[in-house]
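This one's a predicted model, so the numbers in the text were calculated from it and none came from an experiment.
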Amino acid sequence: MADPTNPSTGDQQHQKYRQYNPYQQVNLPYRQLYELPTSPEFLFEEEATKKRLTWGENLTFFTGWGYVTGSVLGAVKGTINGIGAAERGESLKIRTNRILNSGGLVARRGGNCLGSIGLMFAAMESGVTYLRDGDDGSRTTVIAGLATGVLYRAASGPRSAVVAGAVGGVTALAAVAGRRIVKRFVPI
């Protein structure tokens with residue numbers, strides 16, 4: 001046993017024995033584990049040929065962006081309303097509280113509203129794509145927008161549903177036209 005107070009015996013002990021390495025005999029293919037391919041992998045070849053999002057990705061994308069957009073726009077509108085509703089003579093704490101409460105209230109409502117519209121649009125678009133045998137064109141988007149508007153306002157009565165359907169269809173048509181314009185004039 002080495003004497004801890006005498007450094008020379010510790011050096012002799014270290015030179016006499018080599019350090020144990022438990023992984024010395026193990027030949028793991030670590031390069032195969034950590035050098036992953038950069039191209040996307042698909043389970044079936046049919047998935048690789050598709051140029052659109054799956055229904056789950058579509059659902060997540062439209063619902064998420066709808067919620068975030070509605071929340072941001074609602075927060076801005078609520079903040080403006082809170083600033084406008086401030087009364088003369090209020091303290092800074094009361095004004096700040098009024099602005100934050102108003103912004104949060106309208107942001108919640110806007111986020112939930114546009115998030116649910118995004119959810120319905122994604123479901124409608126996936127359903128229409130399925131019914132049209134995988135045709136994922138401009139007509140599919142416009143039909144899905146029309147159906148989303150009708151479904152969203154169906155509880156308010158038929159007249160409101162028809163108007164909302166027309167607004168949804170026109171909005172989807174504008175989105176399709178905007179996408180084509182951006183593809184033509186913006187080099188990406």
Side-chain angles (χ1 to χ4, degrees), residues 29-81 102-188:
Y30 68 92
R31 289 192 185 272
Q32 292 176 354
L33 291 175
Y34 296 112
E35 292 181 6
L36 299 174
T38 56
S39 64
E41 296 180 6
F42 297 101
L43 188 59
F44 301 109
E45 287 184 25
E46 298 88 37
E47 293 176 349
T49 60
K50 292 184 180 176
K51 301 289 185 203
R52 61 180 178 88
L53 299 176
T54 64
W55 69 269
E57 293 168 340
N58 202 12
L59 188 76
T60 305
F61 177 78
F62 285 118
T63 305
W65 272 106
Y67 186 81
V68 168
T69 304
S71 295
V72 169
L73 293 176
V76 169
K77 183 178 184 285
T79 302
I80 291 170
N81 290 346
S102 178
L105 177 71
V106 179
R108 267 193 320 270
R109 288 180 184 165
N112 289 335
C113 176
L114 284 184
S116 63
I117 289 173
L119 178 77
M120 283 188 273
F121 178 77
M124 291 292 173
E125 189 175 37
S126 295
V128 172
T129 302
Y130 175 76
L131 291 174
R132 296 188 68 199
D133 295 325
D135 183 21
D136 191 25
S138 303
R139 288 183 189 162
T140 303
T141 305
V142 173
I143 292 170
L146 183 94
T148 300
V150 168
L151 182 65
Y152 185 72
R153 298 299 290 183
S156 299
R159 183 177 296 161
S160 179
V162 168
V163 170
V167 169
V170 168
T171 304
L173 186 64
V176 168
R179 186 180 348 165
R180 286 187 180 171
I181 290 171
V182 167
K183 280 184 178 180
R184 181 179 293 165
F185 294 114
V186 178
I188 296 177

(message) Give me the atom names and distance for the closest heavy-atom approach of Met124 to Ala147.
(response) SD-CB, 3.8 Å

(message) So Arg179 and Thr141, do their side chains get closer than 4.5 Å, heavy atoms only?
(response) yes

(request) Of all the heavy-atom pairs spanning Ala123 and Leu59, show the shortest one and how long it is. (result) N-CD1, 4.5 Å

(message) Rounded at 0.5 Å granularity, tell me how far OH in Tyr152 sits from CZ in Phe121.
(response) 15.5 Å

(request) Return the minimal non-hydrogen interatomic distance between Ala161 and Ala154, and the atom names on each side. (result) CB-CA, 4.0 Å

(message) If you count heavy atoms of other groups shown closer than 6.0 angstrom to CZ of Arg132, is the number above 12?
(response) yes

(message) Would you compute the distance between atom CZ of Arg153 and atom CD1 of Ile117 and round it to the nearest 0.5 angstrom?
(response) 9.0 Å

(message) Test side-chain contact (heavy atoms from CB on, under 4.5 Å) on Leu151 and Thr148; report intermediate values, then the result.
(response) CA-CA 5 Å; Leu151 182 65; Thr148 300; 5.9 Å; no

(request) State, with a plain yes or no, whether a side-chain heavy atom of Val170 is found less than 4.5 Å away from one of Val167. (result) no

(request) List the atom of Gly149, the atom of Ala164, and the distance in Å for their closest heavy-atom pair. (result) O-CB, 3.2 Å

(request) Taking all non-hydrogen atoms of both residues into account, name the closest pair between Ala172 and Gly145 and its distance. (result) CB-CA, 4.1 Å

(request) Quick one: closest heavy-atom pair of Gly118 and Phe62, and the distance? (result) O-CB, 3.5 Å

(message) Quick test of your reading: applying side chain to side chain donor-acceptor pair (under 3.5 Å), list the pairs with at least one residue in residues 58-79, sequence neighbours left out, ordered by first then second residue.
(response) Asn58-Glu125

(message) Nearest 0.5 Å, please: how far is CZ in Arg139 from CG in Leu146?
(response) 14.5 Å

(request) Could you grab the distance from atom CG of Leu131 to atom OG1 of Thr140, nearest 0.5 Å is fine? (result) 10.0 Å

